[in-house]
Amino acid sequence: MNRRLALAVLPLLLAVTGCTSGPADDEPAPRPAAAERPSPFRDCATLSTAPSAASPGPGTATPTTATPAPPGTSGTTAPAAGGSALPELTLSCFTGGAPVVLREVAGPAVINVWASWCPPCRKELPAFQRLSERAAGQLQVVGVNSRDSRSGAQSIGEDFGVRFPMLVDQGEALQRELKRNAIPLTLFVGADGQVRHIDASGALDDTTLAKLVRQHLGLAVPA
């Protein structure tokens, strides 16, 4: 009886927290011939180019220079100083082409590590797509597909309308460098290339993403 209860509770725990295991052996087979279909993701050619400094249009992110609010009051938090550089890794792009040196991804950027077999990853991906649209020209949204099948990642991109550039990390090299073994992971990278914050709290929604971008990158993004 205890074994049956444990097996019933495990999927719920994975849906609430991060995912640490790979795809289950008994999962349905992914769509065939994914490599023959056009990639839903954008290519990675512009990742080393900083977001445009042009004035944003309606509904896009705007920079904020607000200072931290005094204790006990409300207000906008300025982006935190310091941080650490992105790991020295070179990852392939889902669409092919030249490999991408991770440290050359120009900030501000939000980098999301995910896999198709991870329930909270799938839950939050549409919010990252909306962020990439709302903050276009102000920050880059980049995906890192980790320990996944190409067909699985492609199917999620097609089904969820994910269009931002996608890197591939089948060996979990980024997670090892960050000393994190669960996904989803989200890195908030400043314009100076420094990692300001790593979020591992589970699936992020539009409101939480906007709050984290404002807090750690100093950009106001409509939720």
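All values derive from a computational prediction rather than experimental measurement. For the single chain, residues carry numbers from 1 onward in sequence order.
Applying the side-chain contact (heavy atoms from CB on, under 4.5 Å) test to Val168 and every residue at least two apart in sequence or in another chain returns Ser92, Phe94, Gln170. Partners of Ser132 by side chain to side chain donor-acceptor pair (under 3.5 Å), not counting sequence neighbours: none found. Here Asp199 pairs with Thr186, Phe188, His197, Ser201, Leu204, Leu212 under the side-chain contact (heavy atoms from CB on, under 4.5 Å) rule; sequence neighbours left out. When the salt bridge (charged side-chain N to carboxylate O under 4.0 Å, His left out) test is applied to Arg130, the partners found at least two apart in sequence or on another chain are Asp206.
In terms of heavy atoms, Arg163 sits closest to Gln129 at N-OE1, 2.8 Å. The nearest pair of heavy atoms linking Asp192 to Gln194 is OD1-N, 3.1 Å. The two residues Ala203 and Glu124 come nearest to each other via the heavy atoms CA-OE1, 3.4 Å. Smallest separation of non-hydrogen atoms from Gln175 and Ser146: OE1-OG, 2.6 Å. Contact between Met166 and Trp114 at its shortest, heavy atoms only, is SD-NE1, 3.1 Å. When all heavy atoms are compared, the tightest approach of Phe164 to Leu125 is CZ-CD2, 4.1 Å.
Between the Trp117 side chain and the Arg147 main chain, a donor and an acceptor come within less than 3.5 Å of each other. No donor-acceptor distance shorter than 3.5 angstrom exists from the side chain of Gln154 to the backbone of Ser149, with no hydrogens or angles considered. Using modelled atom types, no side-chain atom of Asn145 and backbone atom of Ala153 make a donor-acceptor pair closer than 3.5 Å. Side chain of Thr46 to backbone of Thr49: no donor-acceptor contact under 3.5 angstrom is found.
The salt bridge (charged side-chain N to carboxylate O under 4.0 Å, His left out) analysis of residues 89-111, with sequence neighbours excluded, yields the pairs Glu88-Arg103. Annotation: salt bridge (charged side-chain N to carboxylate O under 4.0 Å, His left out) contacts involving residues 179-191, sequence neighbours excluded, are absent.
Contact check for Gln138 versus Pro51: no side-chain heavy atoms found under the 4.5 Å cut-off.
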side-chain contact (heavy atoms from CB on, under 4.5 Å) assessment of Leu187 paired with Val142: CA-CA 10 Å; Leu187 286 65; Val142 185; over 6 Å; no
Check the pair Leu185, Leu174 against side-chain contact (heavy atoms from CB on, under 4.5 Å), reporting the backbone distance first and the verdict last. CA-CA 10 Å; Leu185 287 176; Leu174 179 55; over 6 Å; no
Show, in sequence, the C-alpha distance, side-chain angles and deciding distance for Val113 and Leu178, and conclude whether the side-chain contact (heavy atoms from CB on, under 4.5 Å) test is met. CA-CA 11 Å; Val113 186; Leu178 298 174; 5.6 Å; no
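Pairing of Cys93 with Cys44 by a disulfide is supported, the SG atoms lying closer than 2.5 Å.
Rounding to the nearest 0.5 Å gives a distance of 11.0 Å between CD of Glu177 and OG of Ser84.
Applying side chain to side chain contact (heavy atoms under 4.5 Å, CB included) to Val110 and the options Val189, Leu217, Val221 leaves one that passes, Leu217.
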